[in-house]
Amino acid sequence: MQNLGIAITGSGSAVPKTSLHNQELTQLVETSDEWISSRTGIRQRRLALPTESLSELAAAASREAIASAGITAADIDLILLATSTPDDLFGTACKIQAAIGATKAVAFDLTAACSGFVFGLVTAAQYIRTGVYQNVLLIGGDILSRWVDWQDRRTCVLFGDGAGAVVLQANESDRLLGFALKSDGTQNHHLNLAYQGTSQEILPNVNVTQGTYQHITMNGKEVYRFAAQKVPEIIDKALFEAKLTVDQVDWLLLHQANQRILDAVAQRLKIPDHKVISNLANYGNTSAASIPLALDEAVREGKIKTNDIIAASGFGAGLTWGAAIFQWGR
């Protein structure tokens, strides 16, 4: 089978209508707008109502991405949904496939938390490069508000809901220039959304566990330290793979976790502020949605143009981190 290149040809995004400003959080926990914005860069976040679902947000983002790529849902061969918060524990990608009418697409979920979009991008590329599929829809989406403890001021100020999507297509020239992915399970305990159950005896001497997932827990200092150190390293590695230097990067597109992390990574790589894409002030940390959401916004604002070189990096629970260097458009 002939190896092919890939191009990222379209983007889309969707967020819930309901926004929660920092000032409103002061009614829930002891905090202030100044405290949150100075430490995180976040001013507000979007929250999905009980009537809203991940599949609806993801489908809306997908329709935009497909339209901007100039194809139809019927052209899609594969749908990858990067999420940690599916509507159904068995997966939500198939529901999106039905919602958008992508009748010939195979669909499945992929979980790598806040690194999910970058891991999904690399996964999608392999299917195209080997000639198996021509058109792939990659979605990053999360509704983290479902799993936030709204009395825990360390975490409730950080997270928001949303979805972003891109279309990847087979292309004569390969626009994914380099990538690198890493995992370190020894640091898994620093960021969790853990299952907790209690023992239930269903027959004499036969016990099972019944329960649910608990709230998000995070060691903020350790996660910050990890990101500030590992993200510049992985971007350097991906740039080396791409045979590019930092100076050739047009945009730094990081997972939107914390403005301090964005600043620290940019400083370490010596990338000037005007090349750093940041929209977390308006959306907070949307996990797997954050990179495609920021990407789509920058494309629609006319910031990111065809042929621009983007250094993207995701990092989060696992712990996982990765970087992908790509050129926008065909």
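The side-chain heavy atoms of Ile304 and Ile277, taken from C-beta on, include a pair separated by under 4.5 Å. Side-chain contact between Arg330 and Thr306 is absent, with no heavy atoms from C-beta onward closer than 4.5 Å. In this structure, the side chains of Val231 and Ile261 stay at 4.5 Å or more apart for every pair of heavy atoms. Between Leu89 and Tyr213, some side-chain heavy-atom pair lies under the 4.5 Å cut-off. A 4.5 Å side-chain heavy-atom check between Asp33 and Thr26 finds every atom pair outside the cut-off.
Note on Glu52 versus Arg46: no salt bridge recorded, every NZ/NE/NH1/NH2 to OD/OE distance being 4.0 Å or above. Of the charged side-chain nitrogens involved, none lies within less than 4.0 Å of a carboxylate oxygen, so that Asp109 and Lys95 do not count as a salt-bridged pair. Between Lys275 and Asp250 there is no salt bridge, since no side-chain nitrogen of the basic residue lies less than 4.0 Å from a carboxylate oxygen of the acidic one.
When the shell of 6.0 Å around CZ of Phe108 is examined, it contains more than 12 heavy atoms from other residues, nucleotides or ligands. Remark: Glu201 CD is packed, more than 12 non-hydrogen atoms of other residues, nucleotides or ligands lying under 6.0 Å away. Within 6.0 Å of OH in Tyr195 there are more than 12 heavy atoms belonging to other residues, nucleotides or ligands. Crowding of Arg154 atom CZ: a count of heavy atoms from other residues, nucleotides or ligands under 6.0 Å not exceeding 12. Atom CG of Asp273 has 12 or fewer heavy atoms from other residues, nucleotides or ligands within 6.0 Å. Counted within 6.0 Å of CZ on Arg43, heavy atoms from surrounding residues, nucleotides or ligands total 12 or fewer; the atom is thus considered open. The 12-atom threshold is not exceeded at CD of Glu30, counting heavy atoms of other residues, nucleotides or ligands nearer than 6.0 Å.
Closest approach of Ala170 and Ile128 over heavy atoms only: CA-CG2, 3.5 Å. For Ala58 against Ile139, the heavy-atom pair with the smallest separation is CB-CG2, 3.8 Å. Residue Ala125 comes nearest to Ile6 through the heavy atom pair CB-CD1, 3.8 Å, listed as atom of the first residue, atom of the second, then distance. Ala165 and Leu137 get closest at one heavy-atom pair: CB-CD1, 4.1 Å. Residues Trp251 and Lys303 come closest through the heavy atom pair CZ2-O, 3.3 Å. Of all heavy-atom pairs spanning Leu25 and Ile36, the tightest one is CD1-CD1, 4.0 Å.
The distance from atom OG1 of Thr92 to atom CG of Asp87, rounded to the nearest 0.5 Å, is 4.0 Å. To the nearest 0.5 Å, atoms OG1 (Thr31) and CD (Gln23) are separated by 9.5 Å. Between atom CD of residue Glu56 and atom CD1 of residue Ile96 there is a gap of 11.0 Å, rounded to the nearest 0.5 Å. Note that CD of Glu34 and CZ of Arg39 are 7.0 Å apart. Values are rounded to the nearest 0.5 Å. The structure places CG of Leu138 at 12.0 Å from OG of Ser11, a figure rounded to the nearest 0.5 Å. Separating the CG atom in Asn285 from the CD1 atom in Ile42 is a distance of 6.5 Å, to the nearest 0.5 Å.
Cluster membership for Phe315 and Phe179, using ILVMFWY side-chain heavy atoms within less than 4.5 angstrom, is not shared. Tracing side-chain contacts under 4.5 Å through hydrophobic residues (I, L, V, M, F, W, Y), one never reaches Ile234 starting from Phe326; they form parts of separate clusters. Under a hydrophobic clustering in which Ile, Leu, Val, Met, Phe, Trp and Tyr are joined whenever their side-chain heavy atoms come within less than 4.5 Å, directly or via other members, Leu254 and Val122 fall into different clusters.
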Exercise. Could you go step by step and tell me if Ser13 and Glu297 meet the side chain to side chain donor-acceptor pair (under 3.5 Å) rule?
Worked result: CA-CA 8 Å; Ser13 59; Glu297 211 166 70; over 6 Å; no

For this session: Start with the C-alpha distance between Phe226 and His190, add both sets of side-chain angles, then the distance that settles side chain to side chain contact (heavy atoms under 4.5 Å, CB included), and finish with yes or no.
Result: CA-CA 10 Å; Phe226 143 74; His190 291 318; over 6 Å; no

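Counted by atom type alone, Thr83 and Asp142 present one or more donor-acceptor pairs between their side chains at under 3.5 Å. No side-chain donor from either of Asp263 and Gln267 sits under 3.5 Å from a side-chain acceptor of the other.
Checked against Val166 for a side-chain contact (heavy atoms from CB on, under 4.5 Å), the options Thr9, Leu295, Ile291, Asp296 give a single hit: Leu295.
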